[in-house]
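Take a look at the structure below.
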Amino acid sequence: MQIKIRPRWSLLENQATPESVYHQRRDILKKLGIAAVGLPLSTNAHAGLFDFISSSQQESVDHRRQLSGSPSSLSNSTLSLTPEDKVLHYNNFYEFGTDKSSPAIRAEKFITDPWKVTIDGMVNKPFSLDYDDLFNQFSLEERIYRLRCVEAWSMNIPWIGFSLRDIIKKADPQQRAKYVAFETLYDPKQMPGQASSRLGGGIEYPYVEGLRIDEAMHPLTMISVGLYGKTLAPQNGAPLRLVVPWKYGFKSIKSIVRIHLTDQQPPTTWNRLAASEYGFYANVNPNVDHPRWSQASERFIGQGNIFSSRRQPTLMFNGYAEEVASLYQGMDLKRNY
Ligand SMILES: Nc1nc2c(c(=O)[nH]1)N[C@H]1C(S)=C(S)[C@@H](COP(=O)(O)O)O[C@H]1N2
Ligand SMILES: [Mo]
């Protein structure tokens with residue numbers, strides 16, 4: 001059993017969750033053999049405008065695998081988490097259609113096992129991982145992160161996974177590698193949005209994303225393989241997706257097949273589509289508005305119904321400024337949006 005040094009953002013979870021829930025949660029995670037490193041959650045809670053959308057969804061079959069041990073009810077009773085049902089039914093995954101309810105329906109039969117993801121480019125030891133490697137080769141931990149979509153809604157999600165840097169280190173990166181490029185699966189037979197420009201929102205596929213190497217190596221940057229105690233559902237980017245909690249959600253690319261180290265800043269899907277609206281950095285920033293709407297506040301998707309929906313202020317770097325602001329020292333964040 002490895003001992004983890006808990007960073008600042010993991011310390012205060014017991015202040016955010018009722019104590020009984022907190023302990024219950026720890027017990028469950030221990031049984032699952034997963035290390036829990038939480039983050040302080042603020043008093044947000046309560047409903048989102050879109051609750052009625054997800055509650056009107058038809059229930060689809062849940063194919064997700066329990067990650068191990070007993071059934072997990074972790075934090076379901078915690079107000080500050082976005083309910084699992086909403087994480088599963090309110091999605092952006094344009095490969096399966098552009099409206100929020102489509103991915104859960106259209107991705108239901110998406111094949112995520114077998115899977116192959118390749119780490120290559122400017123590394124000394126390129127390698128590939130198959131489906132089982134994702135769950136066996138890295139020590140999984142749970143992390144509750146905020147997710148802030150550029151469309152000004154947000155969720156708090158208990159992800160399971162590991163730091164991206166665990167993968168990168170294993171590949172022995174070369175000094176000249178300055179960026180990391182990511183690519184989603186290209187398979188129009190399975191992904192109807194890739195076969196039809198109308199369904200897929202006019203995006204050029206495969207979906208691609210990128211990070212600077214220091215962003216990629218930051219311990220908060222995560223590869224997620226699960227949420228709410230189970231493997232990811234296809235609509236959330238199974239079997240593996242990126243989670244960069246201080247950046248707008250579109251950086252957190254789903255269903256990854258390639259991680260490529262390079263010395264050039266890689267193209268990114270939303271920047272290609274509308275460069276004036278979506279930059280390479282896409283750091284959450286309440287002081288830099290989207291050309292068409294304010295980013296100063298967000299609608300939190302929580303428990304409850306449409307009548308109790310609420311807005312909350314958006315936080316600089318989505319609440320992770322203390323951890324990541326130093327990465328951007330001296331940079332003009334209005335120009336590098
Ligand atoms: N391949 C791919 N990854 C993607 C997207 C997408 O359309 N395709 N949408 C992004 C956007 S805009 C957001 S907000 C998040 C949503 O993740 P979730 O549906 O798991 O909440 O996924 C991101 N990753
Ligand atoms: Mo998004």
Side-chain angles (χ1 to χ4, degrees), residues 13 16-18 21 25 28 38-39 41-64 66-67 71-108 110 142-161 222 224-238 241 243 245 248-250 252 254-255 284 297-312 314-315 318-319:
E13 192 195 355
T17 1
V21 175
R25 206 169 105 73
I28 291 162
L39 114 128
L41 290 172
S42 45
T43 51
N44 36 47
H46 306 307
L49 171 62
F50 311 104
D51 294 348
F52 75 101
I53 299 173
S54 58
S55 58
S56 69
Q57 282 318 300
Q58 290 187 11
E59 276 306 314
S60 47
V61 187
D62 188 350
H63 298 290
R64 293 176 301 150
Q66 201 71 45
L67 272 169
S72 167
S73 59
L74 42 104
S75 305
N76 255 330
S77 52
T78 309
L79 278 176
S80 48
L81 289 184
T82 298
E84 185 174 11
D85 176 60
K86 288 174 183 142
V87 178
L88 293 175
H89 293 103
Y90 189 81
N91 302 102
N92 275 332
F93 200 169
Y94 277 26
E95 285 85 339
F96 296 100
T98 55
D99 64 291
K100 301 288 182 276
S101 54
S102 279
I105 298 163
R106 291 212 178 91
E108 206 188 313
F110 182 57
E142 185 189 63
R143 301 183 190 179
I144 300 167
Y145 279 164
R146 299 172 223 273
L147 174 78
R148 170 59 156 84
C149 177
V150 75
E151 299 162 338
W153 52 265
S154 70
M155 297 186 181
N156 290 336
I157 301 177
W159 301 107
I160 291 172
M222 184 182 192
S224 169
V225 297
L227 59 82
Y228 268 107
K230 295 179 183 172
T231 53
L232 290 177
Q235 60 265 36
N236 294 113
R241 58 92 57 84
V243 180
Y248 290 119
F250 65 81
S252 292
K254 295 175 170 180
S255 304
V284 175
S297 69
E298 65 206 36
R299 185 164 301 282
F300 179 71
I301 299 180
Q303 289 179 339
N305 58 41
I306 184 169
F307 302 109
S308 54
S309 68
R310 57 171 275 172
R311 290 196 83 84
Q312 63 187 27
T314 289
L315 303 173
N318 204 24

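These figures come from a predicted structure and were not determined experimentally. The basis for the numbers below is simple: all heavy atoms, side chains too, and nothing from hydrogens, waters or symmetry mates. Along the sequence shown, the residues carry numbers beginning at 1.
For K254 and N236, the side-chain atoms include no donor-acceptor pair closer than 3.5 Å. Under the 3.5 Å distance criterion, with hydrogens and angles disregarded, a donor-acceptor pair is assigned to the side chains of T314 and R148. Side-chain contact annotation: R311 with S297, donor-acceptor N/O pair under 3.5 Å present.
The two residues G249 and L147 make their nearest non-hydrogen contact at CA-CD1, 4.1 Å. For the residue pair R64 and L88, the shortest heavy atom distance occurs at NH2-CD1, 3.6 Å. Shown here for Q66 and G229, the closest heavy-atom pair between the two residues is NE2-O, 3.4 Å.
Looking at V284 and L315, their side chains never come closer than 4.5 Å, going by heavy atoms from C-beta outward. A heavy-atom distance below 4.5 Å is not found between the side chains of I160 and M222. The shortest distance between side-chain heavy atoms of S255 and F110 falls below 4.5 Å. L81 is listed as a side-chain neighbour of Y228, based on a closest heavy-atom distance under 4.5 Å.
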Carefully, step by step, assess S102 and F93 under the rule side-chain contact (heavy atoms from CB on, under 4.5 Å). CA-CA 8 Å; S102 279; F93 200 169; over 6 Å; no

Please lay out, stage by stage, how W153 and Y90 fare under the test ring-ring contact (aromatic ring centres under 6.0 Å, His included). CA-CA 11 Å; W153 52 265; Y90 189 81; 5.1 Å; yes

Apply side-chain contact (heavy atoms from CB on, under 4.5 Å) to L67 and K230, showing your working. CA-CA 5 Å; L67 272 169; K230 295 179 183 172; 5.7 Å; no

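Ion pairing between a basic and an acidic side chain is recognised when a charged N comes within 4.0 Å of a carboxylate O; R299 and E151 show no such pairing. Between E298 and R146 there is no salt bridge, since no side-chain N of the basic residue sits under 4.0 Å from a carboxylate O of the acidic one.
Note: S224 OG to E142 CD = 10.5 Å, rounded to the nearest 0.5 Å. Here the CD atom belonging to E84 is positioned 11.0 Å from the CD1 atom belonging to I157, to the nearest 0.5 angstrom. Rounded to the nearest 0.5 Å, atoms NZ (K100) and CG (N92) are 3.5 Å apart. Atom CG of L227 and atom CZ of R241 lie 8.5 Å apart (nearest 0.5 Å).
The aromatic rings of F250 and Y248 lie parallel to each other, their planes meeting at an angle below 30°, with 60° marking the opposite boundary.
In this structure a side-chain-to-backbone donor-acceptor pair under 3.5 Å is present from N318 to P245. Looking at K86, its side chain does come within 3.5 Å of a backbone N or O of G302 through a donor-acceptor pair. Judged purely by atom type and a 3.5 angstrom limit, T82 uses its side chain to pair as donor or acceptor with the backbone of N156.
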